[in-house]
Amino acid sequence: MTSQKSSNVVWHQHQVSKTDRVKQKGISRSAVLWFTGLSGSGKSTIANAVEQLLFAKGYHSYLLDGDNVRHGLNRDLNFSDDDRIENIRRIGEVSKLFVDSGLIVLTAFISPFQQDRALVRALHQEGEFVEVFIDTPLALCEQRDPKGLYKKARAGEIKHFTGIDSAYEAPVNPEIHVDTASQSIVECAEQIVAYLEQHHYI
Ligand SMILES: Nc1ncnc2c1ncn2[C@@H]1O[C@H](COP(=O)(O)OS(=O)(=O)O)[C@@H](OP(=O)(O)O)[C@H]1O
Ligand SMILES: Nc1ncnc2c1ncn2[C@@H]1O[C@H](COP(=O)(O)OP(=O)(O)O)[C@@H](O)[C@H]1O
């Protein structure tokens with residue numbers, strides 16, 4: 001049924017291309033900065049700080065945040081392995097559209113499984129998927145516990161919590177490896193913007 005449906009759908013080639021849009025936005029290439037890390041590792045905080053730096057420099061970006069997307073587009077999904085896989089698949093497709101629009105896209109999802117991140121990477125063209133590992137030890141995330149979720153998970157009030165009773169597979173070879181235990185929020189954000197400059201995205 002799905003294949004019959006998709007075989008009747010024809011891809012439209014737009015008259016204004018990604019190259020045109022990227023050029024108009026004054027950058028060398030659009031890309032997605034794909035943040036991954038434990039809950040409380042600092043994904044949202046650092047992604048917001050990166051967006052502020054980019055905004056101040058006059059660049060156009062958009063941040064897709066896990067909590068926000070789960071209130072809308074992915075409100076039907078929960079935290080089973082299958083739902084997380086579908087969550088990341090959809091965000092991968094959305095990030096591809098946003099990259100096509102010529103933006104610097106930032107995504108802040110735990111995205112715990114290596115295979116799902118690899119599938120999203122494969123959706124994008126070479127160099128468009130920039131994996132940003134927000135590397136914060138579980139003990140430090142638990143100490144920060146900005147939303148009080150670890151406390152609830154330890155008390156058994158939240159099941160399948162990442163790092164407690166649901167797996168997190170750390171990236172093996174991320175483009176950017178951010179150590180939040182030894183750097184301030186601003187230093188982490190500057191590290192990421194420096195990568196974009198050194199690799200000629202902006
Ligand atoms: N069981 C469980 N495990 C992990 N996280 C949980 C869970 N239940 C709720 N939350 C809250 O949901 C946020 C994670 O959503 P994501 O869409 O990023 O998760 S995933 O990528 O699909 O694994 C996560 O946000 P962050 O703390 O910003 O990572 C939590 O606030
Ligand atoms: N160097 C750092 N980088 C990022 N966050 C930090 C750092 N030091 C302390 N924090 C704090 O850790 C918490 C991270 O929470 P958050 O950004 O919501 O994480 P996540 O989006 O990964 O769940 C925030 O309260 C933030 O202020």
Side-chain angles (χ1 to χ4, degrees), residues 32-53 61-96 98 105-121 123 129 131-171 174 176-195:
V32 55
L33 293 170
W34 189 279
F35 288 64
T36 173
L38 292 167
S39 176
S41 58
K43 301 181 298 296
S44 298
T45 302
I46 298 169
N48 269 283
V50 170
E51 241 208 333
Q52 281 179 291
L53 289 178
S61 66
Y62 195 76
L63 167 57
L64 294 161
D65 195 288
D67 284 317
N68 296 354
V69 172
R70 278 178 173 278
H71 274 108
L73 175 67
N74 290 351
R75 68 195 304 168
D76 55 322
L77 301 178
N78 218 305
F79 291 92
S80 66
D81 285 3
D82 281 352
D83 279 8
R84 290 181 200 255
I85 290 167
E86 177 61 9
N87 186 38
I88 298 311
R89 189 194 69 79
R90 288 185 201 171
I91 303 310
E93 293 287 354
V94 171
S95 73
K96 186 179 174 179
F98 273 71
V105 187
L106 302 94
T107 64
F109 297 83
I110 296 176
S111 37
F113 305 133
Q114 179 74 39
Q115 192 188 352
D116 303 331
R117 297 192 302 267
L119 286 172
V120 177
R121 183 187 287 275
L123 274 179
F129 179 87
E131 192 170 34
V132 183
F133 178 27
I134 304 300
D135 189 0
T136 308
L138 177 64
L140 184 51
C141 295
E142 202 162 350
Q143 193 183 312
R144 290 178 183 165
D145 205 4
K147 300 172 198 154
L149 298 177
Y150 283 97
K151 200 165 171 236
K152 285 188 184 169
R154 289 291 184 196
E157 291 167 31
I158 306 178
K159 300 284 180 217
H160 311 295
F161 196 79
T162 306
I164 308 291
D165 54 356
S166 183
Y168 178 75
E169 299 167 4
I176 310 179
H177 191 151
V178 181
D179 178 358
T180 78
S182 67
Q183 297 187 105
S184 69
I185 293 164
V186 171
E187 285 170 337
C188 294
E190 285 173 347
Q191 179 191 347
I192 294 165
V193 173
Y195 179 95

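Counting starts at 1 for both ligands and their atoms, following the listed order.
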Legend entry - Rounded distance (nearest 0.5 Å) linking atom CG of Leu106 with atom OH of Tyr62: 11.0 Å
Legend entry - CG on Asp135 to SG on Cys188, rounded to 0.5 Å: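 One finds 10.5 Å between SG of Cys188 and CG of Asp135.
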Inset, instruction - State which residues pass side-chain hydrogen bond (donor to acceptor under 3.5 Å, both in side chains) with Glu169; sequence neighbours excluded, sorted by chain then number. - result: none
Legend entry - Protein residues that have a heavy atom under 4.0 Å from any atom of ligand 2, sorted by chain and number: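 Those residues closer than 4.0 Å to ligand 2 by some heavy atom are Leu38, Ser39, Gly40, Ser41, Gly42, Lys43, Ser44, Thr45, Ile46, Arg144, Pro146, Thr180, Gln183, Ser184, Ile185.
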Return a table of N or O atom pairs, ligand 1 on one side and protein on the other, at distances under 3.5 Å, rounded to 0.1 Å.
| residue | atom | partner | partner atom | Å |
| --- | --- | --- | --- | --- |
| ligand 1 | 1 (N) | Lys159 | O | 3.4 |
| ligand 1 | 1 (N) | His160 | O | 2.9 |
| ligand 1 | 3 (N) | Arg84 | NH2 | 3.1 |
| ligand 1 | 3 (N) | Thr162 | N | 3.4 |
| ligand 1 | 15 (O) | Arg70 | NE | 3.3 |
| ligand 1 | 17 (O) | Arg70 | NE | 2.7 |
| ligand 1 | 17 (O) | Asn87 | ND2 | 2.8 |
| ligand 1 | 18 (O) | Ile110 | N | 2.9 |
| ligand 1 | 21 (O) | Ile110 | N | 3.4 |
| ligand 1 | 21 (O) | Ser111 | N | 2.8 |
| ligand 1 | 22 (O) | Arg70 | NH2 | 3.0 |
| ligand 1 | 22 (O) | Asn87 | ND2 | 2.8 |
| ligand 1 | 23 (O) | Arg84 | NH1 | 2.8 |
| ligand 1 | 25 (O) | Lys147 | NZ | 3.2 |
| ligand 1 | 27 (O) | Ser39 | OG | 2.6 |
| ligand 1 | 27 (O) | Lys147 | NZ | 2.9 |
| ligand 1 | 28 (O) | Lys147 | NZ | 2.8 |
| ligand 1 | 29 (O) | Lys43 | NZ | 2.9 |
| ligand 1 | 31 (O) | Asp67 | OD1 | 3.4 |
| ligand 1 | 31 (O) | Lys147 | NZ | 3.1 |

Inset, instruction - With sequence neighbours left out, write down each residue that passes side-chain contact (heavy atoms from CB on, under 4.5 Å) with Asn74, or none if nothing qualifies. - result: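 Checked Asn74 against side-chain contact (heavy atoms from CB on, under 4.5 Å); matches are Val69, Leu77, Asn87, Arg90, Ile91.
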Legend entry - Ile110 versus Lys43, closest heavy-atom pair with distance: N-CE, 3.6 Å
Inset, instruction - Using a strict 4.0 Å threshold on nitrogen-to-oxygen distance, state whether Asp116 and Arg84 make a salt bridge. - result: no
Legend entry - Donor on one side chain, acceptor on other, Thr162 and Ser39, under 3.5 Å: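 Result is no, nothing qualifies.
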Legend entry - Among Ile85, Thr36, Ile88, the one residue meeting side-chain contact (heavy atoms from CB on, under 4.5 Å) with Phe113: Ile85
Legend entry - Steps toward side-chain hydrogen bond (donor to acceptor under 3.5 Å, both in side chains) verdict (Ser95, Trp34): CA-CA 9 Å; Ser95 73; Trp34 189 279; over 6 Å; no
